[in-house]
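Each chain gets a letter, A, B and so on, in the order its sequence line appears, and its residues count up from 1.
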Amino acid sequence: MKILVPVKRVIDFNVKVRVKPDGSGVDLANVKMAMNPFDEIAVEEALRLKEAGKAGEVVVVSIGGPEAVETIRTGLAMGADRGILVKTGQPPEPLAVAKALKAVVERESPELVILGKQAIDDDCNQTGQMLAALLGWPQGTFASKLVLEDGAAVVTREIDGGLETVRLALPAVVTTDLRLNEPRYASLPNIMRSKKKPVDEIDAAGLGVDMAPRLKVLKVEAPPARRAGIRVATPAELVDKLKNEAGVL
Amino acid sequence: MTTLLIAEHDNARLAEATARALTAALEIGGGIHVLVAGRDCAGAAGAAAKLAGVARVLVADDERLAHPLAEPLAALIVAMAGPYDALVAPATTFGKNVMPRVAALLDVAQVSDITAVVAPDTFVRPIYAGNAIETVQSTDAKTVVTVRASAFKPAADGGSAPVEAVGAGAATGEASAFVSAEIPELERPELTSARVIVSGGRAFESAERFRACLEPLADKLGAAIGASRAAVDAGYAANDLQVGQTGKVVAPELYIACGISGAIQHLAGMKDSRVIVAINKDPEAPIFQIADYGLVGDVFELLPELEKAL
Ligand SMILES: Cc1cc2nc3c(=O)[nH]c(=O)nc-3n(C[C@H](O)[C@H](O)[C@H](O)COP(=O)(O)OP(=O)(O)OC[C@H]3O[C@@H](n4cnc5c(N)ncnc54)[C@H](O)[C@@H]3O)c2cc1C
């Protein structure tokens, strides 16, 4: 069984982002970039399935500019077998990404696609669900546990009230939550080995899908700042302030 | 213009997030129809009919909708979508699961997690864990929107909308099946609607100490309990208590962060609280930069004292 893992290049989660003064977006110049953390969890899960003998090949795919190949290399260094870069101009919206991924799925015929539940840049939480819809496949979103058995994926999902388990007939789409696993670091030999692993490059235009944006970003602003307040010395003083100054007790 | 609001409910009761999403739907404008899709869901439908501003309640009652599985529910919504200009749901795990599937089947974009309505096609939403706020305009014929519940007040009761049955024949999706759910009975207010939240982080060292320190305080305050990711990962608290960029977003009157450092991913979920208190032994902890009241010290000593002082 083949597993496809889409990966996105995003600002590293530790970087404090700055909004550009002209309100057109956030400043990405000279900022540390990394694989979206949820996608690392997706790669890790695919590798564990392969190591457990449940999957044959793990293919990582990224949709973006030429620099997205770095993110693919990160996945290869973790242990994925090969990569696919679908090259686009401007950063595509989730619907366009889902359409491009559908085209890749049709070429590659994986039985399972594992994606991160959300990208930490646009915080959309859409692509996996959209891909499942376009393929007509079932979806197991926000997974904290994934078990493959007799042509099905049994997915435990983190939901607002607790946990829910669903059974999906394969092929299926799964999106990862934080507790699914702890991703490995790439070892040096694996990083060296990954340099020889193949990465196919496809032009998005060649996939014959409509990638045009549907949303117009009118402006991007910094959030209203919250000022630091005061220090109190004792719990009793805190209670007094909450009662008599803030009026919340 | 007409809007279809997808209700979140457990068949018997309507989730409060639905009433909050209704407030956003009312700002989008037009007549508002509420879809209650479930099994034996008359209780939830009745509650939806009482919300002020609802024009009609449409009930799809079918075995296949007993659990809110994305596949049959999205198929049903898409079959009903024709006359609607906007499709709206709360940005809870329910709405986040279903609505992108609906949007893709309709070949339109989704605007996720909106915090304000600027115009019927233009919305404000946080990106980068709330470190930037974007205003986006949809150019599609229909808009699909999920609503950040904490950013909108719940719509009031006082309506009396007609309740009509609709067919659920379109709700197909054999490829997925519900197996089980672990939904612990709530012993205290729900995180997303609580007036006060007491939240704990990695400082607590064990599930026992987490509970022993936070529960008495929460009981005294009638508060909900929240947690940082570190506390959830370490097993001190259940996953559904996680507050943050990738957990729940809350905006209570009072948020008391105990032994939480204040990582941006955590702040993303609580920085719109009205009053923030931080209790941390590290005077340099970033949480103090956004706290209205800071108390430096050991949570194991300070929390019992705080509880007594209340
Ligand atoms: C993709 C991604 C998503 C994430 N999503 C979230 C999210 O949704 N929510 C979230 O919370 N985090 C999230 N995180 C994690 C986040 O980056 C932080 O790691 C996490 O919030 C830290 O939790 P903490 O503050 O409890 O732990 P720490 O950062 O370890 O802080 C513990 C604090 O406790 C204090 N302390 C220790 N002992 C005591 C004591 N006895 N008395 C008083 N104070 C004490 C310390 O001084 C310290 O400030 C995410 C991270 C990533 C990469």
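- Taking a 6.0 Å sphere around CD of B:E187, one finds it holds 12 or fewer heavy atoms contributed by other residues, nucleotides or ligands.
- Heavy atoms closer than 4.5 Å to chain A are found nowhere in B:D10, neither backbone nor side chain.
- Looking at B:L186, neither its backbone nor its side chain comes within 4.5 Å of chain A, counting heavy atoms on both sides.
- The choice from A:E93, A:Q139, A:E158 that makes the most heavy-atom pairs within less than 4.5 Å of chain B is A:Q139.
- Ranking B:K271, B:E307, B:E305, B:R274 against chain A, the residue ahead of the rest is B:R274, based on heavy-atom pairs under 4.5 Å.
- In this structure, chain A has heavy atoms under 4.5 Å from both the backbone and the side chain of B:A132.
- Counting only heavy atoms from C-beta outward, the side chains of B:I183 and A:I159 approach each other to under 4.5 Å.
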(message) Is there a side chain to side chain contact (heavy atoms under 4.5 Å, CB included) between B:Y128 and A:I120? Walk through the geometry before answering.
(response) CA-CA 6 Å; B:Y128 292 94; A:I120 60 163; over 6 Å; no

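- Ionic pairing of A:K216 and B:D121 is not present here: no N-O contact between side-chain nitrogen and carboxylate oxygen is shorter than 4.0 angstrom.
- Neither the backbone nor the side chain of A:A98 has a heavy atom closer than 4.5 Å to any heavy atom of chain B.
- Side chain of A:K219 to main chain of B:V136: no donor-acceptor pair is present (N/O by atom type, distance under 3.5 Å, no hydrogens or angles).
- Relative to the ring axis of B:Y293, A:R231 does not place its NZ or CZ within 45° and under 6.0 Å from the centre.
- Interface remark: of the candidates B:A91, B:A181, B:A278, B:A181 forms the most heavy-atom pairs closer than 4.5 Å to chain A.
- Ranked by non-hydrogen atom pairs under 4.5 Å with chain B, the options A:R167, A:E164, A:K99, A:R227 are led by A:R167.
- With a 4.5 angstrom heavy-atom cutoff, A:T127 does not touch chain B via any of its atoms.
- Comparing B:P126, B:S273, B:A74, B:G297 by how many heavy-atom pairs each has under 4.5 Å with chain A, the most go to B:S273.
- Contacts between A:V173 and chain B at a heavy-atom distance below 4.5 Å are absent for every atom of the residue.
- B:Q242 and A:R179 share a side-chain donor-acceptor pair at under 3.5 Å.
- Contact count against chain B (heavy-atom pairs under 4.5 Å) is highest for A:L163 among A:L163, A:V220, A:T156.
- Counting heavy-atom pairs under 4.5 Å between each of B:V108, B:D292, B:I264, B:I127 and chain A puts B:D292 at the top.
- The contact between A:I11 and chain B is made entirely by side chain atoms (from C-beta outward), counting heavy-atom distances below 4.5 Å.
- Options B:E182, B:R101, B:E134, B:M99 differ in how many heavy-atom pairs under 4.5 Å they form with chain A, and the most are formed by B:R101.
- Of all residues spanning residues 138-145 of chain B, those with a heavy atom less than 4.5 Å away from chain A's heavy atoms are B:S138, B:T139, B:D140, arranged by number.
- Heavy atoms of A:A233 lying under 4.5 Å from chain B belong exclusively to its backbone.
- When only modelled atom types and interatomic distance are considered, A:N125 and B:S112 share no side-chain donor-acceptor pair under 3.5 Å.
- Crowding of A:E182 atom CD: a count of heavy atoms from other residues, nucleotides or ligands under 6.0 Å not exceeding 12.
- Residues B:K308 and A:P235 are not in side-chain contact: their nearest non-hydrogen atoms beyond the backbone lie 4.5 Å or more apart.
- Comparing A:R157, A:K243, A:E237 by heavy-atom pairs within less than 4.5 Å of chain B, the highest count is held by A:R157.
- Salt-bridge formation is not detected for the pair B:K96/A:D160: no Lys NZ or Arg NE/NH1/NH2 atom is positioned less than 4.0 Å from an Asp or Glu carboxylate oxygen.
- Counting only heavy atoms from C-beta outward, the side chains of B:T135 and A:V217 never approach each other to under 4.5 Å.
- Proximity to chain A (any heavy atom under 4.5 Å) is restricted, for B:V277, to the side chain, taken from C-beta onward.
- You'll find the side chain of B:I133 reaches within 4.5 Å of the side chain of A:P223, heavy atoms only.
- With a threshold of 4.5 angstrom between heavy atoms, B:A177 approaches chain A through its backbone and through its side chain.
- Other residues, nucleotides and ligands contribute at most 12 non-hydrogen atoms within 6.0 Å of the NZ atom of A:K145.
- In this structure, chain A has heavy atoms under 4.5 Å from both the backbone and the side chain of B:Q245.
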(message) The test is side chain to side chain contact (heavy atoms under 4.5 Å, CB included); show your working for A:V166 and B:H67 and say whether it passes.
(response) CA-CA 10 Å; A:V166 293; B:H67 303 285; over 6 Å; no

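- Put simply, of A:T234, A:I230, A:V19, A:L134, the one with the most heavy-atom pairs under 4.5 Å next to chain B is A:I230.
- Contact residues of residues 226-236 of chain B toward chain A are B:R229, B:V232, B:D233 (heavy-atom distance under 4.5 Å).
- B:R195 contributes a side-chain N or O that, together with a main-chain N or O of A:V248, makes up a donor-acceptor pair within less than 3.5 Å.
- At least one donor-acceptor pair under 3.5 Å links the side chain of A:Q126 to the backbone N or O of B:Q110.
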(message) Between A:L238 and B:L302, is the side chain to side chain contact (heavy atoms under 4.5 Å, CB included) condition met? List the steps.
(response) CA-CA 11 Å; A:L238 175 61; B:L302 292 173; over 6 Å; no

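- With respect to chain A, the highest number of heavy-atom pairs below 4.5 Å among B:T192, B:L295, B:V196, B:L69 belongs to B:L295.
- At a threshold of 4.5 Å between non-hydrogen side-chain atoms, the residues A:L95 and B:D107 count as touching.
- Only the side chain of B:R125 comes within less than 4.5 Å of a heavy atom in chain A; its backbone stays farther off.
- Looking at A:F13, both its backbone and its side chain come within 4.5 Å of chain B, counting heavy atoms on both sides.
- Ranked by heavy-atom pairs under 4.5 Å with chain B, the list A:L170, A:D177, A:D122, A:V155 is led by A:D122.
- At a 4.5 Å heavy-atom cutoff, A:R18 makes no contact with chain B through either its backbone or its side chain.
- Side-chain contact between A:D123 and B:D113 is absent, with no heavy atoms from C-beta onward closer than 4.5 Å.
- At a cut-off of 3.5 Å, with distance as the only test, no side-chain donor of A:Q129 or B:N97 sits close to an acceptor on the other residue.
- For a residue to count as touching a neighbouring chain, one of its non-hydrogen atoms must lie under 4.5 Å from one of that chain's; by this rule A:V26 touches chain B with the side chain only.
- For B:E190, no part sits under 4.5 Å from any heavy atom of chain A, backbone or side chain.
- Between the CG atom in A:L218 and the CZ atom in B:F123 there is a gap of 11.5 Å [rounded to 0.5 Å].
- The shortest heavy-atom contact between B:E71 and A:P138 is OE2-CA, 3.3 Å.
- Proximity to chain A is absent for every atom of B:T146, based on heavy atoms less than 4.5 angstrom apart.
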